[in-house]
Every structure is written in C-alpha cells, then in structure tokens.
Amino acid sequence: MQVEEYLNNIVKRDGCVHLTLIDPASQKPERAAEIAKAAVEGGTDAIMIGGSTGAMGQVLDQTLQLMKEQIDVPTILFPGDSAGVSSYADAIFFMSLLNSRDINYIVTNQAMGAPLVRKFGIEPIPMAYLIVEPGGTVGWVGDARLLPRTKPELAAAYALAGSYFGMRYVYLEAGSGADNPVPVEMVGAVKHAIDKGHLIVGGGIRDRNAAAACAKAGADMIVTGTAVEDAGDVRAKIAEFVSAIKS
Ligand code: 1GP
C-alpha cells in the first residue's frame with residue numbers, strides 16, 4: 001500500500017495530486033529521464049510510465065532504470081497490455097478497461113500480467129479505466145465503447161460498478177492529445193458516485209485553467225502527458241499545473 005498511501009495522503013494534504021505521464025516509446029530513455037527530473041523539480045508527485053503502442057521490453061526497462069537514478073518520487077506503470085509490466089517500477093495501475101468490447105482488455109491481459117506483478121513485487125493499485133469520447137489511440141486499441149461526453153450518468157454507473165468490484169481508483173480518460181478534457185459535469189458525477197474512491201482525470205489537459213476546472217469538479221488526481229512532452233520548459237509547465245490544482 002506504500003504508493004497508494006503516498007498518493008492518498010497527498011490528496012488529503014493538497015486536495016489534488018499531479019501525475020506526469022511519460023510514454024517510453026516517444027523519446028530515448030535519456031530524454032525521458034531528463035523530463036522526469038524536470039517534472040519533479042516542477043512539483044509533480046509521481047511519474048506514470050506507459051503507452052498504447054511500443055511501451056514495453058528493453059525500452060521500458062531502460063527508461064525506468066535511468067529515471068530512477070534521477071528522481072525520488074514513485075514510478076507507476078500504466079500498461080497498455082501484459083507486456084507493459086517492468087520489474088523496475090514501484091507500482092502498477094492494475095486496471096480493467098470496463099467499457100471495452102474486448103475481453104483481452106477487461107481481464108485477459110491482466111491475468112497474463114498478474115504473476116509477473118507478484119514475482120517482481122510491484123504494488124498493484126486496483127483501478128477502473130473508463131474511456132470517454134473522443135478516446136484517441138487508446139480508445140481504438142482498447143476497442144472501447146466510448147462513453148458519450150453528454151452522458152455523465154453512464155460514466156457514473158460504470159464507476160460505481162468499478163467501486164463495487166473493489167477498485168479503489170477510477171480513471172476517466174479522454175485519450176492522449178484529445179482536443180478537450182473530460183467534461184466537468186462528468187467529473188463531478190463520477191466523483192459523487194464513487195464517494196470514498198479516488199478519481200484520476202486525464203487526456204487533453206493542456207493549461208492551468210483546464211487542470212483547475214477538473215480539480216474543482218472533483219478530480220483527486222490530474223494526469224498530463226502531451227503538454228509536458230511538447231513543453232520547451234518542462235519544469236515551468238509542470239509548476240503551472242501544480243499551482244493550479246493544489247489548495
Ligand atoms: C493519456 O490521460 C493521459 O492516457 C494523458 O493525456 O497526453 O492528453 O495529457 P495527454
């Protein structure tokens with residue numbers, strides 16, 4: 001429970017956690033480690049590592065190894081499938097894509113990866129993963145029946161089902177690089193539905209206003225990936241998000 005407890009304590013203390021998502025397939029491991037270091041200097045609370053395509057094997061292991069030399073915040077796997085497990089991470093979002101049509105993304109990849117999670121001693125954090133329109137690459141790869149942006153009650157129903165399954169975290173995902181983040185009405189409805197559960201929101205959060213709006217609507221944790229990858233000054237960009245979401 002170490003990483004989960006660490007995150008939950010930050011929610012209690014600051015109101016909201018900032019997570020930086022790094023896709024190991026997007027740059028060389030050395031650059032990923034530099035981005036992680038700058039993100040921590042900017043005030044990010046933990047680094048998520050993963051992606052839908054190519055975030056596995058040697059590139060994943062090397063990225064984590066180099067990162068861990070540079071940073072002291074937790075590293076959390078955000079796997080696209082069972083190949084996204086690495087022994088060098090501290091924790092894993094052990095997630096089921098509840099609104100997928102494909103059983104592989106609901107439970108089969110999880111079953112194939114679970115023995116490795118145990119063998120490597122990585123902390124599993126049980127999470128319901130819900131993909132909202134437009135969904136981006138992960139929506140296509142995961143064959144998600146995308147949650148309509150105008151139907152917060154559907155997202156809330158899936159989130160409630162996840163919490164009844166015992167998932168302590170819910171991740172509302174608009175897809176990496178989405179034009180707009182998950183609507184605030186949906187964030188609010190899901191937070192209301194899951195009560196003591198923790199809500200992560202990501203996809204399309206590019207500036208302080210969008211991050212602040214998600215936090216205000218009920219997000220316990222905000223994820224930013226593309227905005228950080230695109231930033232000339234990673235440290236300043238992260239500091240912008242962090243100051244917008246922390247009370
Ligand atoms: C993707 O929610 C994350 O899984 C982050 O999205 O790249 O749009 O920040 P962005």
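Along the sequence shown, the residues carry numbers beginning at 1. Just so you know, these numbers use all the heavy atoms, side chains as well, and skip hydrogens, waters and symmetry mates.
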task = Would you give the length of the straight line joining atom CD1 of Ile200 to atom CG of Asp220, rounded to the nearest 0.5 angstrom?
result = 8.5 Å
inquiry  = Within this structure, what is the CD-OG1 distance for the pair Gln65 and Thr75, rounded to the nearest 0.5 Å?
reply    = 11.5 Å
ask   = Is any side-chain heavy atom of Met221 less than 4.5 Å from a side-chain heavy atom of Leu7?
value = yes
Could you list the donor-acceptor pairs under 3.5 angstrom formed by side chains in residues 28-39, with sequence neighbours left out?
unit_1, atom_1, unit_2, atom_2, d
Arg31, NH1, Glu34, OE1, 3.0
Lys37, NZ, Glu41, OE2, 3.4

request  = Say whether, by atom type as modelled, one donor and one acceptor occur between the side chain of Asn109 and the main chain of Ser82 under 3.5 angstrom.
outcome  = yes
task = Identify, with sequence neighbours excluded, every residue that meets salt bridge (Lys or Arg N to Asp or Glu O under 4.0 Å) alongside Asp23.
result = none
query = Does the side chain of Thr226 pick up a donor-acceptor pair with the side chain of Arg206 at under 3.5 Å?
reply = no
message = Between Met67 and Gln70, does the side chain to side chain contact (heavy atoms under 4.5 Å, CB included) criterion hold? Intermediate values first, please.
response = CA-CA 5 Å; Met67 244 180 221; Gln70 301 282 340; 5.9 Å; no
Same apolar cluster (I L V M F W Y, side chains within < 4.5 Å links), Leu64/Met56 = no
request  = List the atom of Ser96, the atom of Ile106, and the distance in Å for their closest heavy-atom pair.
outcome  = OG-O, 2.7 Å
query = Does Tyr171 reach the side chain of Phe78, with side-chain heavy atoms less than 4.5 Å apart?
reply = yes
remark   = When every non-hydrogen atom of Pro181 is compared with those of Ile205, the smallest separation belongs to CB-CG1, 3.9 Å
note = For Ala219 and Val201 the tightest heavy-atom approach is CB-CG2, 3.6 Å
query = Where the side chain of Lys191 meets the backbone of Gly197, is there a donor-acceptor pair that is under 3.5 Å apart?
reply = yes
key: Shared hydrophobic cluster, Phe94 / Met112 (ILVMFWY, side-chain heavy atoms < 4.5 Å)   = no
With sequence neighbours excluded, residues passing side chain to side chain contact (heavy atoms under 4.5 Å, CB included) with Ala236 = Asp233
ask   = So, the side chain of Thr63 versus the backbone of Val59: is there a donor-acceptor pair under 3.5 Å, distance only?
value = yes
ask   = Can you list the steps and then say if Ile49 with Leu60 is a side chain to side chain contact (heavy atoms under 4.5 Å, CB included)?
value = CA-CA 8 Å; Ile49 304 107; Leu60 176 63; 3.5 Å; yes
request  = Measure the shortest side-chain to side-chain distance between Leu199 and Ile194 over non-hydrogen atoms and say whether it is less than 4.5 angstrom.
outcome  = yes
query = Near Arg118 CZ, under 6.0 Å, is it more than 12 heavy atoms from other residues, nucleotides or ligands?
reply = no
message = Could you tell me if the side chain of Ile76 sits less than 4.5 Å from the side chain of Ile47, heavy atoms only?
response = no
query = Applying ring pair (Phe, Tyr, Trp, His ring centres under 6.0 Å), which residue pairs with at least one partner in residues 174-229 are found, sequence neighbours left out?
reply = Tyr169-His198
request  = Can you measure from CG (Leu21) to CD1 (Ile222) and round to the nearest 0.5 angstrom?
outcome  = 13.5 Å
query = Quick one: does Leu97's side chain get under 4.5 Å of Asn99's, heavy atoms only?
reply = yes
remark   = Residue pairs meeting ring pair (Phe, Tyr, Trp, His ring centres under 6.0 Å), one or both in residues 202-246, sequence neighbours left out, come to His18-Phe241
Whether Asp14 side chain and Cys16 backbone form a donor-acceptor pair below 3.5 Å = no
key: For Lys68, all residues meeting salt bridge (Lys or Arg N to Asp or Glu O under 4.0 Å), sequence neighbours excluded   = Asp90
query = Residues two or more places apart in sequence or in another chain: which of them pass salt bridge (Lys or Arg N to Asp or Glu O under 4.0 Å) with Glu229?
reply = none
note = By side-chain hydrogen bond (donor to acceptor under 3.5 Å, both in side chains), Ser100 pairs with (sequence neighbours left out) none
ask   = Given the rule that I, L, V, M, F, W and Y join up when any side-chain heavy atoms are under 4.5 Å apart, are Ile10 and Ile71 in one cluster?
value = yes
ask   = Between Tyr6 and Asp45, which heavy-atom pair has the shortest distance, and what is it?
value = OH-O, 2.5 Å
task = Report the C-alpha separation of Val228 and Ile238 in whole Å, then their side-chain angles, then the decisive distance to 0.1 Å, and conclude whether the side chain to side chain contact (heavy atoms under 4.5 Å, CB included) test is met.
result = CA-CA 7 Å; Val228 177; Ile238 297 284; 3.5 Å; yes
task = For residues Leu172 and Val187, report the shortest heavy-atom separation together with the two atoms involved.
result = CD1-CA, 4.1 Å
ask   = Judged by atom type as modelled, is there a donor-acceptor pair below 3.5 Å linking the side chain of Ser52 to the main-chain atoms of Gly80?
value = no
key: Fellow cluster residues of Tyr164, listed by chain then number, with links counted only when side-chain atoms sit under 4.5 Å apart   = Leu160
inquiry  = Tell me whether Met167 shares a hydrophobic cluster with Leu154, the cluster being built from Ile, Leu, Val, Met, Phe, Trp, Tyr side chains joined at under 4.5 Å.
reply    = yes
ask   = Are Phe120 and Ile92 joined in one hydrophobic group, where the rule is that I, L, V, M, F, W and Y side chains link up if heavy atoms are under 4.5 Å apart?
value = yes
ask   = So, for Leu77 and Gly84, which heavy atoms are closest and what is the spacing to 0.1 Å?
value = CD2-O, 3.6 Å
key: Atom NZ of Lys246 with >12 non-hydrogen neighbours under 6.0 angstrom   = yes
message = Under the rule for salt bridge (Lys or Arg N to Asp or Glu O under 4.0 Å), what residues qualify as partners of Asp207, not counting sequence neighbours?
response = none
Atom pairs and distances, donor-acceptor, side-chain atoms in residues 127-147, under 3.5 Å, two or more places apart:
unit_1, atom_1, unit_2, atom_2, d
Tyr129, OH, Glu173, OE1, 2.7
Glu133, OE1, Arg149, N, 3.0
Asp143, OD1, Arg101, NH1, 3.0

ask   = Does any non-hydrogen side-chain atom of Val190 lie less than 4.5 Å from one of Val170?
value = yes
request  = Could you tell me which residues satisfy side-chain hydrogen bond (donor to acceptor under 3.5 Å, both in side chains) with Asp61, sequence neighbours excluded, listed by chain and number?
outcome  = Ser86
